[in-house]
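The structure under discussion appears below in the form of structure tokens.
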Amino acid sequence: MLTVDKNINNVPHTYTAVETDADIKQLVNELKKHTEICFDSETTGIDANEAELVGLSFSVKPGEAWYVPCPADQNRTKEILGLFEPLFADPKKIWIGQNTKYDLLVLKWYGIEPAGNIFDTMLAHYVIEPDGKRSMDILSEKYLGYEPVHIEELIGKKGGRGAGAKTQGSMRDVEIEKIKEYAGEDADITLQLKQVFEPMLQQKEVEKVFNEVENPLVKVLVDMEFEGIKIDEGFLNDYSKELEKDAKTAEESVYKQAGVRFNLASPKQLGEVLFDKLKLDPSAKKTKTGQYQTGEDVLLKLAARGNSIVEDILTFRELTKLKSTYVDALPQLINPKTGRVHTTYGQAVAVTGRLASNNPNLQNIPVRTDRGKEIRKAFIPRDKNHLLVSADYSQIELRIVAAISADPNMCQAFKAGTDIHTATAARVYNVPEKEVTKEMRYKAKSVNFGIIYGQGAFGLADNLGISRTEAKEIIDNYKKEFPGIQQYMDNTINFARENGYVETLMGRKRWLRDINSANFTVRGFAERNAINSPSREPLLI
DNA sequence: GTATTCTGG
DNA sequence: TTCTACCAGAATACG
């Protein structure tokens with residue numbers, strides 16, 4: 001049983017503050033003897049692009065840690081960091097940490113880029129249990145049986161809303177005796193987590209994706225976040241006014257046609273106007289909370305029946321979405337220091353192994369509509385000597401499915417280089433590719449996407465606005481024409497039932513606890529996850 | 001804080 | 001018989 005300091009088994013702990021140059025040099029000499037060094041940084045904020053370094057902690061042995069305070073005098077802090085240069089320059093070191101991307105980004109702002117490899121305990125837990133929670137507090141309690149000092153004890157709770165709410169204090173103002181305990185403990189705990197996770201990575205057979213994908217990716221993401229991207233603020237300000245005006249026009253038109261003014265941004269109020277007052281659909285569906293559904297798919301069906309008010313509602317929705325989520329939000333996220341926007345990538349968030357992006361989310365910038373696409377013009381090169389280059393896989397998920405399933409017809413279609421949806425339509429409708437109509441291609445495309453997600457006849461019918469009979473016919477033909485795909489889906493579900501997980505080409509596993517559930521719905525979800533997850537990760541090289 | 005909606009892959 | 005396409009982040013309304 002591993003032990004963590006005083007509170008667990010009364011094992012003595014030694015957390016030492018190291019402040020003078022002489023003591024720091026002695027610490028560096030001690031750390032030089034070790035290949036694996038656990039480290040953590042304390043900072044003034046939670047945004048690494050804004051944060052100031054308050055201190056660094058190190059540990060190489062459970063129960064022992066050093067804390068090196070970094071003063072507000074930035075020149076002195078750079079001097080201190082300079083003393084660590086021999087360690088950071090050593091390519092043989094392995095830097096252990098929890099969410100190392102954050103600490104490395106903070107260090108990069110001070111010009112420090114460690115040469116050694118990374119062992120990130122957060123990423124270790126991510127590949128061991130992709131859908132669990134993994135804050136350090138929770139990992140410590142779960143794997144070490146120890147509840148760490150809460151940060152609130154040092155700097156108070158996060159600022160609540162309204163007057164009188166206390167704002168969270170700064171790490172900068174905490175006295176060294178307290179911060180030493182907190183920071184030392186973080187490095188200590190993280191080192192012990194590493195010792196727990198390392199054998200687990202072997203047992204679960206996920207070292208490949210951990211060593212070859214996740215850990216090397218950390219430094220790449222640090223570079224990307226640090227670099228950021230330039231935003232044309234003036235362009236967005238102009239566009240905001242245009243959207244404001246056009247949204248207002250659509251809004252007024254809605255009120256005029258409805259014969260009543262209300263909050264158009266409220267789905268609840270809109271539903272009551274459309275279905276109680278105007279009675280546009282006597283069989284309108286309600287959500288589980290009892291209000292009418294007013295999502296885009298519902299509104300599009302009303303529009304198809306010639307309700308002109310719905311066009312204006314859709315326009316209002318589109319324009320206000322663009323304005324509030326992108327056009328007005330992006331300029332506020334420009335970093336005053338760099339004049340650029342720096343997203344934060346979530347490397348251990350999505351259960352499928354994909355990245356996530358926030359503050360701002362740069363993975364959902366509009367592209368489908370003309371007025372949405374316009375927003376992309378605001379992302380510009382740093383100067384006239386640079387340009388932005390865009391590269392994208394073509395149909396990567398379907399290619400992965402073709403490769404894993406080895407379906408001869410699907411592989412042949414990709415090898416021939418023809419449009420995959422046209423090729424699919426030709427097979428499903430049994431016509432030459434030249435005779436595939438737009439309609440046929442559109443439906444085949446929907447089937448191709450639906451297949452990846454485990455969609456059935458009901459979903460396809462709803463999506464395409466066709467009968468369930470027709471949808472079933474299309475799907476049956478699809479399965480007949482691409483027998484390898486059907487076989488792959490059957491095999492995948494069977495594999496999941498027997499093993500309790502599915503895996504990607506890189507060896508990332510997703511555990512499916514409900515795959516053998518007696519509940520049809522619950523089991524169905526797990527089965528669709530089983531089919532869906534493996535197609536999400538390309539094989540590198 | 002939860003629900004709904006909409007943006008992307 | 002059942003409910004119906006996976007994975008995310010963010011804005012807004014509303015209690």
When you check the phosphate oxygens OP1 and OP2 of [N], does a side-chain N or O of [X] lie under 4.0 Å from one of them?
X      : N      : answer
A:R354 : C:dA8  : no
A:T287 : B:dT4  : yes
A:S266 : C:dC14 : yes
A:T352 : C:dC6  : no
A:R368 : B:dG9  : yes
A:N532 : C:dC7  : no
A:Q291 : C:dC14 : no
A:T289 : B:dT4  : yes

Using a 4.0 Å heavy-atom cut-off, does [X] contact any base of the nucleic acid, only the sugar-phosphate backbone, or nothing at all?
X      : value
A:L460 : nothing
A:T294 : sugar-phosphate
A:D462 : nothing
A:E397 : nothing
A:R468 : base
A:R317 : sugar-phosphate
A:N361 : sugar-phosphate
A:S357 : sugar-phosphate

In whole angstroms, how far is the [atom2] atom of [N] from the [atom1] atom of [X]?
X      : N      : atom1 : atom2 : value
A:R376 : B:dG9  : CZ    : P     : 6 Å
A:L355 : B:dG8  : CG    : P     : 19 Å
A:K268 : B:dT5  : NZ    : P     : 13 Å
A:L322 : B:dT5  : CG    : P     : 18 Å
A:Q347 : C:dA8  : CD    : P     : 15 Å
A:L398 : C:dC6  : CG    : P     : 17 Å
A:Y326 : C:dT12 : OH    : C1'   : 14 Å
A:K323 : B:dC6  : NZ    : P     : 18 Å

Nearest to the side chain of [X] - [options]?
X      : options               : value
A:N359 : C:dA10, C:dC6, C:dC14 : C:dA10
A:Q269 : C:dC7, C:dC14, C:dG9  : C:dC14
A:T521 : C:dC7, B:dG9, C:dT2   : C:dT2
A:K321 : B:dT5, C:dT4, C:dT2   : B:dT5
A:N364 : C:dA13, C:dC7, B:dT7  : B:dT7
A:A265 : C:dA13, C:dC7, C:dC6  : C:dA13
A:V367 : C:dC6, B:dG8, C:dG9   : B:dG8
A:A329 : C:dA11, C:dG9, B:dT7  : C:dA11
A:F525 : B:dA3, C:dG15, C:dC6  : C:dC6
A:S324 : C:dG9, C:dT12, B:dG8  : C:dT12

Which pair of non-hydrogen atoms, one from A:D120 and one from A:N215, has the smallest distance, and what is that distance?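 In terms of heavy atoms, the two residues are closest at N-OD1, 3.2 Å.
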
When rounded to the nearest Å, what value does the distance between P atoms of B:dT5 and C:dT4 take?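 Nearest-Å result for B:dT5 against C:dT4 at atom P: 15 Å.
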
In whole Å, what separates the C1' atom of B:dT7 from that of C:dT2?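 It works out to 31 Å between them.
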
Could you tell me whether A:K286 and A:E272 have a side-chain N and a carboxylate O separated by less than 4.0 Å?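 Looking at A:E272 together with A:K286, the answer is no, because their closest N to O distance does not fall below 4.0 Å.
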
When you check the gap from the basic side-chain N to the acidic O, do A:E244 and A:K323 get nearer than 4.0 Å?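 A:K323 and A:E244: salt-bridged.
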
Quick check: does any side chain N or O of A:K337 sit under 3.5 Å from a backbone N or O of A:N49, one acting as donor and the other as acceptor?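 Checking the backbone N and O of A:N49 against the side chain of A:K337, a donor-acceptor pair under 3.5 Å is found.
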
Using modelled atom types and a 3.5 Å cut-off, is there a donor and acceptor pairing between side-chain atoms of A:N409 and backbone atoms of A:F482?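 No; zero donor-acceptor contacts below 3.5 Å.
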
Would you mind pulling out the nucleotide paired to C:dC3, Watson-Crick or G-U wobble, both distances under 3.5 Å?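 Looking at the geometry, C:dC3 pairs with no nucleotide.
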
Ring centroid separation for A:H342 and A:F226, is it under 6.0 angstrom?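 No, too far apart.
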
Counting the benzene-type ring for Trp, do A:F210 and A:H125 have ring centres under 6.0 Å apart?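 So the answer is no for these two rings.
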
Test the A:R528-A:F525 pair against the cation-pi criterion, namely NZ or CZ under 6.0 angstrom from the six-membered ring centroid and within 45° of the ring axis.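 Yes; both conditions hold, so A:R528 lies above the ring face of A:F525.
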
With stacking defined as ring centroids separated by under 5.5 Å and planes differing by under 30°, is A:F458 stacked against C:dT4?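 Stack criterion met.
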
Does the C:dC6 base have a donor-acceptor partner in the side chain of A:R536 within less than 3.5 Å?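 By the distance-only test, yes, there is a pair.
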
